[in-house]
Amino acid sequence: MGEADMDFSSYVTSFRSNLCGEPDNSLIGQEVKLCGWVNKRRDHGKLIFIDLRDFSGIVQLVFDSKTSVHSYKLAKTIRNEYVITVTGVIRKRSVETINTSIPTGEVEVAVMDMVIFSKSKTPPFMLDHRDSVEENTRLKYRYIDLRSDQMQENLRMRHRITQTVRKYFDSKGFVEIETPILAKSTPEGARDFLVPSRINRGKFYALPQSPQLFKQILMFSGFDRVYQVARCFRDEDLRADRQPEFTQIDLEMSFVSVEDVINVIEGMFKDIFSHVTGKELNIPFKRITWQESMENYGSDKPDLRYGLNIRDISHIFKKSGFRVFSSVLERGGCIKSIIVKDSKRFSRKDLDNMVGIAKGSGAAGLVWIKLDQDMKFQSPVAKFLSDDEIKVLTETLNLEAGDLVLIVADDFLISCQALGVLRTHIADKSGLIKDGEFNFVWVYEFPLFELGSEEGKITPMHHPFTRPDNETLEYIDNDPLKVKSQAYDIILNGQEIGGGSIRINDMKLQKKIFSLLELSEEKIEENFGFFIKAMEYGIPPHGGIALGMDRLTMILLNLKSIREVIAFPKTQSAVSLLSGSPSGVSEKQLREANIRLVDDM
RNA sequence: GGAGCUGUCGUCUAGCGGUUCAGGACACAUGCCUGUCACGCAUGAGAUCGCGGGUUCAAAUCCCGUCAGCUCCGCCA
């Protein structure tokens, strides 16, 4: 359906005088020319009604066998999804025939003349029933699915977000500069899509995982601030919120601190909300450190729309006779818990399932305690807890009758993460999450490094150009995992919708980071030598952020998959059911690209 | 790479070992109908049950494999 403040007049063309969603009482008596798709034909014998549809809405056409014989006869042959144009007069409907379910329902078009532009085969599914049609059918016939109100609204909403973003950044002095799609492998961790070079035998371009290096180079070049609505490519497995090609609002600014980037982005979101959803957004957003986020929510993308916060109860079990707890504490671990109200909801099976979830998240196990009406602990481990421990636990957590306490004893991160997963699981299952709420939070002070998959090796948590936090920089040699970074993520309703950092602009520090990452000189030179070289010619302090356009639009529309906000998405196996890509290519094309297929079928 | 769910006329689905080689709804076709808007009425066409194999006297229905779609883990900011 149409824009809130649509200007109908700009749609007038040599084919039409008005749009289908336009006719109302103010146009009564006027002759109009309309174009559109046949949404529905209702044939009453000597009288035929046709609902004509375009993107703006639906209007009822009336064909009378007496007043326009030619058009009436033609209307007999009309079927759904034919594209036609009609000339007719807007006429008021009698009171009892008014249709209150459509905006044009008080009037109708008495057709005098009609032309069929294009016939249609019987469509594979009806637009009215589109909601109950399987997604693969919708994807195969995407051009029909896209005719639906829902898809039109989704993509028009996305357009409005993009437009608001462009306007906003323009007003803040940003320059939109395009960067190469045929690029070189970027240092982010994902697998690259490769494009063979015909001219340079045996060499490949990589599609950009993001414009990261290019936007930084534009800072080196003195543009001060740039942004881009950028297509990015990552050859990894798909999810409901991940496609191999996706869109980022990607920006970079010179002479800025974390604070400056955050301010600009909060202003952008405020504009998006007021212009696109009509809602007033409260800024500044809440900010929590990565440490706080892990401690309280067990995740680096916390959902703050509900409670179920994680509480530390290590101190209660320091000298516990329950070895499962005390031994974890002895080796430096901790004991974490969450309290869930109304434990009656959870059957033994639910609890067993939760134990499985905790173990699946890497925890050694999960202890659950149900409090009955008399505040008695019901739990497989109740007999191992002393009266004193029960008392202190009850007081510390302010436990009430009917509460369920979930406890994980393990290393700090494992305990928190396991409970974090359970926290979202329970919130989801218990309907604690209300639709229509938009909860933003910044997570900052990420660790600069994390332990990599390879034993003993560290990898950058964000990317290797992220500037360390000055306060913790002193640990860089002795305990690099302790070093914090000037990186930040923006989280909306528990989903990461963007992340960025202030970048390193000191060559010595940059080289230090590379050496910690155990990157050899050759490797550095090979991967981003051009970038390092550019850093040698005077570069400003700078930083930026990238926001996931698809995810943002999906969340604002309260949808569950980004495929709903992408015109031509791919399936989970990265295939386009519409176009059939990817596909084989001819021998000639392979020869030109200097590629020989390995025959291991 | 792994786990789970799904796969029956165009669409959505019923059937889950034998009067069902498949029933319904919508769509479709033909005819009738001047006020419908989920129009109505009548008649009709349309599925070898994703594909391959097996078990059985008998399979849409059970088993194995395979393909496709979805959700998730791994992977990926």
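Chain letters run A, B, ... following the sequence lines, proteins first, then strands; residues in each count from 1.
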Looking at the base of [N], is there any donor atom on it, or on the side chain of [X], that sits under 3.5 Å from an acceptor on the other one?
X	N	result
R242(A)	C76(B)	yes
R93(A)	U36(B)	yes
R239(A)	G74(B)	yes

Please report, rounded to the nearest Å, how far the [atom2] atom of [N] is from the [atom1] atom of [X].
X	N	atom1	atom2	answer
L127(A)	A27(B)	CG	C1'	13 Å
E135(A)	C12(B)	CD	C1'	16 Å
I249(A)	A77(B)	CD1	P	19 Å
D237(A)	A3(B)	CG	P	15 Å
H425(A)	U71(B)	NE2	P	19 Å
E96(A)	G35(B)	CD	P	11 Å
K121(A)	C28(B)	NZ	P	15 Å

Quiz item: With centres under 5.5 Å and planes under 30°, do H44(A) and C39(B) count as stacked?
Solution: yes
Exercise. Determine, answering yes or no, if F125(A) is stacked on U11(B) under the 5.5 Å centre rule and the 30° plane rule.
Key: no
Quiz item: Would you say Y205(A) has more than 12 foreign heavy atoms packed within less than 6.0 Å of its OH?
Solution: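 12 or below, so no.
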Practice problem: State whether E81(A) and R147(A) are salt-bridged, where the test is any N-O pair (Lys NZ or Arg NE/NH1/NH2 against Asp/Glu carboxylate O) under 4.0 Å. | Solution: yes
Practice problem: Identify whether the distance between the nearest side-chain nitrogen and carboxylate oxygen of K46(A) and D64(A) falls below 4.0 Å. | Solution: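 Result for this pair is no, no salt bridge flagged.
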Quiz item: C1' atom, U19(B) versus A68(B): distance in rounded Å?
Solution: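 Approximately 36 Å lies between the C1' atom of U19(B) and that of A68(B).
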Quiz item: Do you know which two heavy atoms are closest between I566(A) and R142(A), and how far apart they sit?
Solution: O-NH2, 2.9 Å
